[in-house]
Participant: 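First the structure, then my questions, so here it is.
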Amino acid sequence: MFTIFSVFLVLVVCTRAQHYGDFSGLDLSGHDDNLLQSSPAVLKTLQNYEVSNNYHQPQEEEHYDHPKYEFKYGVQDHHTGDIKSQEETRDGDVVKGQYSLHEPDGTILTVKYTADKHSGFNAEVIRQGHAKHPQHSSHF
């Protein structure tokens with residue numbers, strides 16, 4: 001694609017450039033003579049540039065490493081109440097993990113999950129404790 005664009009760009013430049021010399025040795029049969037005589041520097045470049053019909057872009061071989069990792073993460077800020085954790089492992093196409101967080105209502109939410117190419121994504125949601133909501137009283 002770049003080659004086609006480059007040749008097109010060169011031809012446009014050729015039509016805009018001034019006449020600098022004779023290029024009788026250049027075989028571009030079927031093209032307008034004014035175009036061939038328009039820019040010797042560009043046409044000389046085209047003459048020296050060989051375009052092969054047998055050119056094949058090299059095929060890059062795709063390489064995939066076996067994905068494998070494990071991580072753990074956690075926060076325990078009792079001052080703000082931000083308490084949460086997560087852990088996950090992956091081996092190939094199989095992912096297993098869980099995360100949990102302390103909700104403002106006092107419950108602990110835990111999600112355990114697995115994912116693979118056969119079963120897809122599956123999650124089990126577990127809520128521990130009883131929600132506590134503060135009672136608001138009006139002082140009117």
Participant: Quick check on H66: does its NE2 atom have over 12 non-hydrogen neighbours (other residues, nucleotides or ligands) under 6.0 Å away?
Facilitator: yes

Participant: Output the distance between atom CD (Q128) and atom CD (E103), rounded to the nearest 0.5 Å.
Facilitator: 12.0 Å

Participant: Rounded to the nearest 0.5 Å, what separation is found between the OG1 atom of T107 and the CZ atom of R127?
Facilitator: 4.5 Å

Participant: With a cut-off of 6.0 Å (strictly less than), are more than 12 heavy atoms of other residues, nucleotides or ligands near OH of Y99?
Facilitator: no

Participant: Salt-bridge test for E88 and K72: reply yes if a basic N is under 4.0 Å from a carboxylate O, no otherwise.
Facilitator: no

Participant: Can you measure from CZ (F121) to OG1 (T114) and round to the nearest 0.5 angstrom?
Facilitator: 7.5 Å

Participant: Quick one: do V125 and Y113 end up in the same hydrophobic cluster if we chain Ile, Leu, Val, Met, Phe, Trp and Tyr together by side-chain heavy atoms under 4.5 Å apart?
Facilitator: yes

Participant: What residue among Q98, E70, K96 forms side chain to side chain contact (heavy atoms under 4.5 Å, CB included) with E87?
Facilitator: Q98

Participant: Is a side-chain donor or acceptor of D65 paired with a backbone partner of P67 at a separation under 3.5 angstrom?
Facilitator: no

Participant: Would you confirm whether D91, through its side chain, and V94, through its main-chain N or O, come within 3.5 Å as a donor-acceptor pair?
Facilitator: no

Participant: Determine whether L109 and I83 fall in the same hydrophobic cluster, where Ile, Leu, Val, Met, Phe, Trp and Tyr are linked whenever their side-chain heavy atoms lie under 4.5 Å apart.
Facilitator: no

Participant: Looking at side-chain heavy atoms only, is the closest gap between E124 and N122 below 4.5 Å?
Facilitator: no

